[in-house]
Amino acid sequence: MSTTASPTKTRVIAADAHDVIRVHGARVNNLADLSVEIPKRRLTVFTGVSGSGKSSLVFGTIAAESQRLINETYSAFVQGFMPHLARPDVDVLDGLTTAIIVDQERIGANPRSTVGTVTDTGAMLRILFSKLGEPHIGSPQAFSFNVATMSGAGAVTMEKSGRKVKERREFSVTGGMCPRCEGMGTVSDIDLTQLYDDSKSIADGAFTIPGWKSDSFWTVRVYAESGFVDPNKPIREFTKRELDAFLYKEPTKVKVEGVNLTYEGLIPKIQKSFLSKDRESMQPHIRAFVDRAVTFTVCPECDGTRLNEKARSSKIDGVSIADACAMQISDLAEWVRGLAASDGERATMAPLLEKLQHTLDSFVEIGLGYLSLNRSSGTLSGGEAQRTKMIRHLGSSLTDVTYVFDEPTIGLHPHDIQRMNALLLRLRDKGNTVLVVEHKPEVIAIADHVVDLGPGAGTQGGRVCYEGTVEGLRAGDTLTGRHLDDRVRLKPSVRTATGALEIRGATANNLRDVDVDIPLGVLVVVTGVAGSGKSSLVHGSMPADVGVVSIDQSPIRGSRRSNPATYTGLLDPIRKAFAKANGVKPGLFSANSEGACPTCGGAGVVYSDLAMMAGVPAPCEECEGKRFQASVLEYRLGGRDISEVLAMSVAEAHAFFSEGEARIPAAHRILRRLSDVGLGYLTLGQPLTTLSGGERQRLKLATHMAEEGGVLVLDEPTSGLHLADVEHLLGLLDRLVDQGKSVVVVEHHQAVMAHADWIIDLGPGAGHEGGRIVFEGTPHDLVAARSTLTGRHLAEYVGG
């Protein structure tokens, strides 16, 4: 009897079909009903010109919905304490996995926040010293500069057996905070002559503090009518008691015209109202006042370590926790490795030492070994902040998650990009989906899949121009494909300097007594590996009296009503023109003033509070999202109302205000500068909170272009720029120099180096291996010498 073998059937498992992230009908921001399928467990790079919709797709749609869905797995009570996220405007979004976002947002500039506190390495060190430090001084909080040493005693009333009983209780807390600087590391000294003119009385306007006017109910009048001082007597004639009450009195309730107010000495009031705020968030005139009135010096008691003497006295092998936090992380990793190799009592700390060792090694691996744990987190650049956030993911055992990166190569020298590429590939090879928004050809080249958005920016973008392999992109006819292999040649001739800005004996951070002359009247590029001392030289060592204007990518502070028109001053001439043409007040044409819609307050939307769910913004029914009262929208200029003008792009407005009834030369000049810096696609009323780092920098640059002469310092202006826009940027830099400005650019992009008149290269390494000038000269000389890492990479780029 013969038998016939039946063919083997392959079992189809439904779960295996979910191997893509499907996005259909996405309309977030400028996405034009976009549909795309992204392969999982692959490295996908999203590219396209600035404003084409990359971030709207990757961060505003995919990552945002993933986070929202994860939040919904928690109870309603817990969700009440979490950020409320609305569902993105998209028809279909499935195949999502848990998204881990590693963006460029700077780590909070809280003065108590350091690299050690944001990465938990500080907490691990505190545990280590509390166990192994000699002499033993207490628990981990005894080594924390955020915990003050306190003690107290008193009676406590409680109920026992139905009757009230009083018992004496005592408590004590041993903290590590320095009592003099309160854990800040610096102390401030206030120059009283900048606060008031002591030859005048309060009634005669003695105060010189910005915003303190004589009729101000909350400031000047509190002092004048408090009864603690004589408002008609010159301050220099105050008695000792009056002067003490004037400068140092504790908060005390007083009545001014029947209203209960709080009187407080001038010095603590200034400290609370000005010094407790982030300096960078202040308005320019307030920042200038603080710079004049307050000097910050290293705390003489703790020598800037933030820790009290007791915390510094406990040591391991002669090293205190303050010494450990001040070490370069690469050196600290070696010190911890030595502890891990020890026997005896230290062997019981093996799990902690292993975790600490791994974290410190991750710093080194990711190119941040030059930092120290006591470095203030607010001083990290966007690229450093992003790489710091990456550290906790490098050794993670999680797989099948989606990592989302926003230009991870920002701030990286070409030499370091290779290391970053290896890290991205390692995350992918563990079975994760890696989504990267990037412009650098070196990163695009390692992609498994490329999604090219465009073809233009703003309303001209939001569509998929290409989807596929890198080879297909290179052969395709998209803007990115055509420029993927672009190379800028060395300039045949360079400009001659008109002078020099001398820096002598610079020792900021890791600089080693650097002497350098920065040529004026030319385009100077300062480069070197990350951590080599570029920012310390350019931002920390420039003479204060040479009129240097630094233009970086830090967030622009303002309300959700702030937009390019308000930030650049463009709205002022527009409002005046509307007012003149219609015979009314300019204030009517401000969404923050008289003309604002009373229902939405000029926001254009009304939020419905849904408790633990996201507040749903709905267009205001009264003004239909136009932000202004109906009566204001009846006034026109050149046939357009004010809401239609704010809805224009910069390019449209540039044409609109150049001729006819709407011709406004002042507005036209501002709009031309915005177009020159490549922001022609932005709408005038677009909220500043939606701009990328590169867009923010170019917006700041546009506001400074009107100034005559001066020294402009740009911090990586190619960040966020598409390959096709780099040539436009080089032309802009040339125009700035031709206008008489001296332009200093901190940059790693080889195209900018090749276009420079003069290059200053720092290195040779990072941290204590850097801080020296390794080359000064023209790009031709740098390529010819090939004596530095930069020289070798530039030579390879230009084919020299």
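These values consider heavy atoms only, across backbone and side chains, with no hydrogens, waters or symmetry-generated copies. The shown structure was predicted, so the numbers you read here are calculated from the model rather than taken from an experiment.
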Report task. Inspect the contact between E384 and R375 and indicate whether a charged nitrogen and a carboxylate oxygen are less than 4.0 angstrom apart. Result -> yes
**Report entry** Candidate pair V713 and I551, rule side chain to side chain contact (heavy atoms under 4.5 Å, CB included), full reasoning
**Finding:** CA-CA 6 Å; V713 176; I551 304 173; over 6 Å; no
Report task. State, to 0.1 Å, how close S536 and N509 come at their nearest heavy-atom pair, and which atoms those are. Result -> OG-ND2, 2.9 Å
Report summary line: Closest non-hydrogen atoms of A333 and D361, given as atom of the first, atom of the second and distance, are CB-OD1, 3.7 Å
Query - Donor-acceptor pair, side chain of N29 and main chain of S56, under 3.5 angstrom - result: no
Report summary line: Value for OG (S314) from CZ (F143), rounded to nearest 0.5 Å, stands at 4.0 Å
**Report entry** Flag side-chain contact, heavy atom, 4.5 Å: T119 against F363
**Finding:** yes
Query - Salt-bridge contact D303-R312 (side-chain N to carboxylate O under 4.0 Å) - result: no
Requested in this report: Starting at CD1 of I503, measure out to CE of M542 and round the result to the nearest 0.5 Å.
Outcome: 5.0 Å
Query - S376 and T114 side chains, donor-acceptor separation under 3.5 Å - result: no
Report summary line: Looking only at heavy atoms, the pair that brings P717 and V746 closest together is CD-O, 4.2 Å
Query - D515 side chain vs G505 backbone, donor-acceptor pair below 3.5 Å - result: yes
Query raised in the report: Quick check: does any side chain N or O of S532 sit under 3.5 Å from a backbone N or O of A766, one acting as donor and the other as acceptor?
Result: no
Requested in this report: Give a yes or no on whether the backbone of A506 and the side-chain of D513 come within a donor-acceptor separation of less than 3.5 Å.
Outcome: no
Query raised in the report: Counting distance only, does the side-chain N/O of T61 pair as donor-acceptor with the main-chain N or O of V58 below 3.5 Å?
Result: no
Query raised in the report: Between V102, L423, L435, which is the residue that forms a side-chain contact (heavy atoms from CB on, under 4.5 Å) with F405?
Result: V102
Query raised in the report: Would you say the side chain of V744 lies within less than 4.5 Å of the side chain of V548, judging by non-hydrogen atoms?
Result: no
Query raised in the report: Between the side chain of S130 and the main-chain N/O of I127, is any donor-acceptor distance below 3.5 Å?
Result: yes
Query raised in the report: Quick check: are there more than 12 heavy atoms from other residues, nucleotides or ligands sitting under 6.0 Å from CD of Q357?
Result: yes
**Report entry** Flag for S719-E407: side-chain donor and acceptor within less than 3.5 Å
**Finding:** no
Query raised in the report: With respect to T718, which candidate in H749, E747, H748 satisfies the side-chain hydrogen bond (donor to acceptor under 3.5 Å, both in side chains) definition?
Result: E747
Report summary line: Exactly one of V774, V514, T788, V526 clears side-chain contact (heavy atoms from CB on, under 4.5 Å) with L762, and that residue is V526
Report task. Indicate yes or no for a side-chain donor-acceptor contact from N308 to the backbone of A311 under 3.5 Å, with no hydrogens or angles considered. Result -> yes
Query raised in the report: Do the side chain of S362 and the main chain of H358 share a donor and acceptor less than 3.5 angstrom apart?
Result: yes
**Report entry** pair M177-R112: side-chain heavy atoms closer than 4.5 Å
**Finding:** yes
Query raised in the report: Quick one: are C181 and T186 in side-chain contact, heavy atoms under 4.5 Å?
Result: no
Report summary line: Correct closest heavy-atom pair for I366 and R387 would be CD1-O, 3.3 Å
Requested in this report: Could you go through the side chain to side chain donor-acceptor pair (under 3.5 Å) check for T402 and T97 one step at a time?
Outcome: CA-CA 6 Å; T402 299; T97 64; 2.5 Å; yes
Query - Identified side-chain contact (heavy atoms from CB on, under 4.5 Å) counterpart of M327 within the set N374, V319, L360, V336 - result: V319
Query raised in the report: Between OG of S541 and CG of L511, what distance do you get to the nearest 0.5 Å?
Result: 5.0 Å
Query raised in the report: Checking E438 side chain against D406 main chain: does a donor-acceptor pair fall under 3.5 Å?
Result: no
Requested in this report: Tell me, yes or no, whether the heavy-atom count around E442 atom CD, taken from other residues, nucleotides or ligands under 6.0 Å, exceeds 12.
Outcome: yes
Query raised in the report: For T527 and D761, which heavy atoms make the closest approach, and how far apart are they?
Result: O-OD1, 3.4 Å
Query raised in the report: If you take all heavy atoms of N510 and G531, which pair is closest and at what distance?
Result: ND2-O, 3.2 Å
Query - Point-to-point distance, once rounded to the nearest 0.5 Å, from CZ of F775 to OG1 of T790 - result: 10.0 Å
Query raised in the report: With under 30° as parallel and over 60° as perpendicular, where do the rings of H415 and H793 fit, or are they tilted in between?
Result: perpendicular
Query raised in the report: What is the distance from atom CD1 of I321 to atom CZ of R306, rounded to the nearest 0.5 Å?
Result: 12.5 Å
Report task. Verify the distance criterion only: is there a donor paired with an acceptor across the side chains of N71 and Q67 at less than 3.5 Å? Result -> no
Which donor-acceptor pairs under 3.5 Å do the side chains of residues 293-302 make with protein atoms, sequence neighbours left out?
unit_1: T295; atom_1: OG1; unit_2: D189; atom_2: O; d: 3.4

**Report entry** Residues L699, V677; criterion side chain to side chain contact (heavy atoms under 4.5 Å, CB included); working and verdict
**Finding:** CA-CA 8 Å; L699 186 61; V677 298; over 6 Å; no
Query raised in the report: Do the non-hydrogen side-chain atoms of V711 and K741 ever get within less than 4.5 Å of each other?
Result: no
Query raised in the report: Looking at NZ of K534 and CG of D715, how far apart are the two atoms once the value is rounded to the nearest 0.5 Å?
Result: 9.0 Å
Query raised in the report: Does the pair M124 and K355 meet the rule for a side chain to side chain contact (heavy atoms under 4.5 Å, CB included), with working shown?
Result: CA-CA 9 Å; M124 287 186 276; K355 174 65 175 173; 3.4 Å; yes
